[in-house]
Amino acid sequence: MPRIARMLSVLVAVAFLAACASGGPPKRIWPPQASVQELAVQEDGTWRIGVRLQNYSNVAMTFDQATLDLAIAGQPAGQLALTPRLRIGPGSTEIVTLRLPPDFDAAGRVADALQTRSGLRYRLQGQIVTSDPTGRHATEFESVLTPVPGLPGVLR
């Protein structure tokens, strides 16, 4: 009986060592995503834009730079250039805010949407550069912004 107990304890120890050697769950790196969280028309006509940066990976990711072309209702509205140098945890999101002097036609389309209280399609397309892990990620996102009740000049 002592011999069987020793063999069993050795087998259990080997099983524990094998389990520890696996290094945990595998790292899954998925391309990050950018979208517009909020567009607010300022008194001087510029836009304050909240850009939502989403990390879909199961490891933290440092967002170094993003260059994104914004189109409103199919028309170019301007380029968003971000250098947040922001570390975002796995499966998490952060909002980065910037100002943009909009294209004249795009500004008119936003004003119309705010006045008529209607939705407005937008598209972000460009590149996100990350470090730790390092990568250049093409990104494209389309959605609709709608006026926010009680917040004049704000679309979400």
Side-chain angles (χ1 to χ4, degrees), residues 16 18-156:
F16 278 124
C20 292
S22 70
K27 292 181 181 180
R28 303 228 189 273
I29 310 300
W30 300 102
Q33 185 69 60
S35 60
V36 174
Q37 177 77 19
E38 180 177 277
L39 187 154
V41 179
Q42 304 300 288
E43 288 183 17
D44 64 0
T46 61
W47 293 346
R48 187 187 74 234
I49 300 176
V51 178
R52 179 183 175 99
L53 298 174
Q54 177 74 45
N55 177 10
Y56 290 107
S57 301
N58 70 354
V59 296
M61 186 177 281
T62 301
F63 286 66
D64 291 326
Q65 181 182 15
T67 306
L68 307 163
D69 293 319
L70 174 64
I72 299 287
Q75 300 298 314
Q79 186 176 71
L80 310 179
L82 306 169
T83 53
R85 291 183 175 63
L86 185 63
R87 187 150 180 88
I88 301 176
S92 295
T93 299
E94 291 290 337
I95 308 298
V96 177
T97 304
L98 67 125
R99 285 191 179 246
L100 176 72
D103 174 82
F104 180 77
D105 290 334
R109 291 175 190 265
V110 167
D112 288 344
L114 288 167
Q115 185 176 10
T116 61
R117 311 286 306 154
S118 59
L120 187 63
R121 292 203 65 73
Y122 81 92
R123 179 180 181 197
L124 275 182
Q125 182 176 8
Q127 179 175 271
I128 298 172
V129 178
T130 62
S131 61
D132 190 28
T134 301
R136 292 184 177 276
H137 311 276
T139 186
E140 185 175 338
F141 187 85
E142 290 187 48
S143 190
V144 175
L145 294 168
T146 56
V148 179
L151 294 176
V154 177
L155 299 158
R156 287 189 183 150

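Computed from a prediction, not measured in an experiment: that's the story for all the values here. We're numbering straight along the sequence, starting at 1.
At a threshold of 4.5 Å between non-hydrogen side-chain atoms, the residues Leu120 and Val144 do not count as touching. For the pair Asp103 and Pro76, the minimum side-chain heavy-atom distance is 4.5 Å or more. Looking only at side-chain heavy atoms (C-beta outward), His137 and Gln127 stay at 4.5 Å or farther from each other. A 4.5 Å side-chain heavy-atom check between Leu155 and Trp47 finds every atom pair outside the cut-off. Counting heavy atoms from C-beta outward, Pro90 and Val59 have side chains that stay 4.5 Å or more apart. Met61 is listed as a side-chain neighbour of Pro32, based on a closest heavy-atom distance under 4.5 Å. The closest side-chain heavy-atom distance from Val96 to Leu86 is below 4.5 Å. Side-chain contact check for Arg156 versus Leu151: some heavy-atom pair is nearer than 4.5 Å.
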Using salt bridge (charged side-chain N to carboxylate O under 4.0 Å, His left out), reason through Glu94 and Arg87 one step at a time and then give a plain yes or no.
CA-CA 9 Å; Glu94 291 290 337; Arg87 187 150 180 88; over 6 Å; no
Do Leu39 and Val41 pass the side chain to side chain contact (heavy atoms under 4.5 Å, CB included) test, and can you show the C-alpha distance, the side-chain angles, and the key distance before you say yes or no?
CA-CA 7 Å; Leu39 187 154; Val41 179; 4.2 Å; yes
If you apply the rule side chain to side chain contact (heavy atoms under 4.5 Å, CB included), what do you find for Gln37 with Val51, and how did you get there?
CA-CA 6 Å; Gln37 177 77 19; Val51 178; over 6 Å; no
Would Ile49 and Glu38 count as a side chain to side chain contact (heavy atoms under 4.5 Å, CB included) here? Give the steps.
CA-CA 6 Å; Ile49 300 176; Glu38 180 177 277; over 6 Å; no
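Remark: the backbone N or O of Gln42 is not paired with any side-chain donor or acceptor of Thr46 at under 3.5 angstrom. Of the possible donor and acceptor atoms, none in the side chain of Gln125 sits under 3.5 Å from a partner among the backbone N and O of Arg123. A donor-acceptor contact shorter than 3.5 Å links the side chain of Asn55 to the backbone of Ile88.
Contact detail for Ala60 and Pro133: the closest heavy-atom pair is O-CD, 3.5 Å. Taking each heavy atom of Ala34 and Leu68 in turn, the nearest pair found is CB-CD1, 3.8 Å. The minimum heavy-atom distance between Asp64 and Ser131, with the atom names listed, is OD2-OG, 2.7 Å.
Gln65 and Thr83 share no donor-acceptor pair across their side chains, judged by distance under 3.5 Å alone.
Under the salt bridge (Lys or Arg N to Asp or Glu O under 4.0 Å) criterion, Asp105 pairs with no residue, sequence neighbours left out.
Annotation: the span from Asp69 atom CG to Leu80 atom CG amounts to 8.0 Å, rounded to 0.5 Å. Taken to the nearest 0.5 Å, the CG atom of Leu53 stands 5.5 Å off from the CZ atom of Phe63. Expressed to the nearest 0.5 Å, how far CG of Leu124 lies from OG1 of Thr139 amounts to 7.5 Å. Rounded to the nearest 0.5 angstrom, Arg52 CZ and Phe141 CZ are separated by 8.5 Å. Rounding to the nearest 0.5 Å gives a distance of 13.0 Å between CG of Leu100 and CZ of Arg48. Expressed to the nearest 0.5 Å, how far OH of Tyr122 lies from CD1 of Ile72 amounts to 9.0 Å.
Residue-environment remark: CZ (Arg117) exceeds the threshold of 12 foreign heavy atoms within 6.0 Å.
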